[in-house]
Amino acid sequence: MIILKSERDLEAMRPACVVAGAVLDEVASFIQPGVTTRQVDEFAAACIKRHGGKSAFLGYRKYPCHTCISVNDEVVHGLANERVLRFGDIVSVDCGVLYKGFVGDTARTVAVGGCGVSAQRLMDVTEQALCEGIAQAVTGNRVTDISRAIQNYVERNGFNVVREFVGHGVGRTMHEEPQVPNYVDAKCNQKLRAGMTLAIEPMVNVGQPGVKILNDGWTVVTQDGSLSAHFEHTVLITEGEPEILTWPEQMPSRLKVS
Ligand code: MF3
Ligand code: CO
Ligand code: CO
């Protein structure tokens, strides 16, 4: 069952998404060469607390950290540890915040200091793929229209989307129906309706789409060791333009959807 949000629900959900976006901004600017991923997670925990929220991840299926921090060939669900971030690494930070009863879910990949041109291209293509998907998040379309826009954009640019992990509805809990794959799946073809709130989140590999899970039971890495990037926004379907709840400022022109 897909839960449509009322205007009253949205009055509570918008601030939760604003907090998630604000925390992600702060964490992104904290990242620099020499910090450990544990320091990043602790910084994120302090930001979430200062905003009056709670991590939506900590304790979810026994997940042990406040955020997901995935470095280089790590795709998603990376666990904070003593790893020191180095200039040239790329880091995917995923931040889910529970605030006054609703969850905001947003992620971004950033370079540590700077990075090579292929890593930068991967990040640019993944972020733009998210925007292409968001542009399809309108009443009358179906979930597959979002999926197709993301998959086509990524593959046209020579990269591959991960199949094993998908976007999702989000609201009072982090994972609601429907699933929002980043590839066309005929089983995920629900009609989009105003009031649906979706976490759209392409995970993109430079190399092959395959992934595996490390022995820690969480960290997802590319099978071929290639770099991976992840961008995510929580988006509201309306009667008009999609509303990017975790990105309330205006979309920069370079990310205008085609
Ligand atoms: N943030 C992920 C998502 O975007 C879910 C993380 S679950 C956790 O759907 F347990 F790893 F935190
Ligand atoms: Co997320
Ligand atoms: Co998500």
Side-chain angles (χ1 to χ4, degrees), residues 2-3 13 16-28 37-38 40-42 44-45 47-48 53-71 74-81 91-99 102-110 126-127 129-130 133-134 137 143 146-147 150 161-183 188 196-204 211-221 228-237 242 244-247:
I2 297 178
I3 301 169
M13 185 157 173
C17 291
V18 168
V19 170
V23 170
L24 187 61
D25 275 348
E26 291 176 64
V27 173
T37 56
R38 190 175 314 283
V40 175
D41 190 60
E42 281 169 1
C47 292
I48 293 169
K54 280 180 98 171
S55 165
F57 298 171
L58 183 67
Y60 175 84
R61 297 188 185 174
K62 302 204 178 133
Y63 186 76
C65 304
H66 302 85
T67 57
C68 299
I69 305 176
S70 311
V71 184
E74 297 173 356
V75 179
V76 286
H77 303 168
L79 301 181
N81 55 31
V91 186
S92 301
V93 180
D94 193 339
C95 187
V97 175
L98 175 67
Y99 181 80
F102 281 89
V103 174
D105 190 8
T106 181
R108 182 187 306 171
T109 305
V110 297
T126 308
E127 187 170 24
L130 170 57
I134 291 171
V143 171
I146 299 173
S147 306
I150 292 171
V161 294
V162 170
R163 306 317 203 244
E164 284 87 344
F165 298 88
V166 297
H168 50 91
V170 53
R172 289 188 180 276
T173 59
M174 180 164 59
H175 291 149
E176 295 182 349
E177 286 183 34
Q179 295 201 339
V180 184
N182 299 300
Y183 60 96
C188 300
M196 287 172 61
T197 43
L198 304 178
I200 304 177
E201 50 177 317
M203 288 144 268
V204 176
V211 298
K212 60 183 183 187
I213 298 179
L214 296 185
N215 285 335
D216 62 21
W218 281 104
T219 310
V220 179
V221 299
S228 190
H230 178 211
F231 282 79
E232 174 177 35
H233 277 302
T234 299
V235 175
L236 168 68
I237 316 271
I244 306 176
L245 299 177
T246 45
W247 193 5

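Whatever order the structure lists ligands and atoms in, that order sets their numbers, starting from 1. No experiment lies behind these values; they were computed from the predicted model shown.
The aromatic rings of W247 and H233 sit parallel to each other, their planes meeting at less than 30°, with 60° as the upper class boundary.
Here Y63 has side-chain heavy atoms under 4.0 Å from ligand 1, and that is the only part of it that gets that close. If you look at R61 next to ligand 1, there are no close heavy atoms at all, none under 4.0 Å. Heavy atoms of C68 found under 4.0 angstrom from ligand 1 belong exclusively to the side chain.
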So F165 and H77, ring-ring contact (aromatic ring centres under 6.0 Å, His included) or not? Walk me through it.
CA-CA 11 Å; F165 298 88; H77 303 168; 5.4 Å; yes

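With respect to the salt-bridge test (charged N to carboxylate O, under 4.0 angstrom), the residues D25 and R108 qualify.
Of all N, O or S atoms in D105, the one lying closest to the Co ion (ligand 2) is OD1. Among the heteroatoms counted here (N, O or S) of E201, OE2 is the one nearest to the Co ion (ligand 3).
At a 3.5 angstrom cut-off on N or O pairs, H175 counts as close to ligand 1. In terms of polar-atom proximity, H230 is not counted as a contact of ligand 1, lacking any N or O under 3.5 Å from an N or O of the ligand. Of the polar atoms of W218, none of the N or O atoms is found under 3.5 Å from an N or O of ligand 1, judged by distance alone. Considering backbone and side-chain N/O atoms, D94 comes within less than 3.5 Å of an N/O atom of ligand 1.
Here the straight-line distance linking atom CD of E176 with atom NE2 of H168 works out to 10.0 Å at 0.5 Å rounding. Here W218 contributes atom CH2 and E74 contributes atom CD; the two are 14.5 Å apart, rounded to the nearest 0.5 Å. Atom-to-atom distance recorded for E201:CD and L130:CG is 9.5 Å, nearest 0.5 angstrom. Residue D94 holds its CG atom at 8.0 Å from OG of S70, rounded to the nearest 0.5 Å.
Vertex the Co ion (ligand 2); arms to D94 OD2 and E232 OE1; angle rounded to 10 degrees, 100°.
For N81 and T37, the side-chain atoms include at least one donor-acceptor pair closer than 3.5 Å.
Tested against V180 for a side-chain contact (heavy atoms from CB on, under 4.5 Å), the candidates V166, V235, L198, I150 yield a single pass: L198.
Here is the list of ligand 1 atoms found below 4.0 Å of a heavy atom in E232: 4 (O). Near D105, meaning under 4.0 Å from any of its heavy atoms, are these atoms of ligand 1: 1 (N), 3 (C), 4 (O), 9 (O). Set against the non-hydrogen atoms of H168, the atoms of ligand 1 under 4.0 Å away are 3 (C), 4 (O), 9 (O).
Contact annotation: H175 places no N, O or S atom under 2.8 Å from the Co ion (ligand 3).
Scanning the protein for heavy atoms near atom 6 (C) of ligand 1, the closest one is H77 NE2, 3.7 Å.
Within 6.0 Å of CD in E26 there are more than 12 heavy atoms belonging to other residues, nucleotides or ligands.
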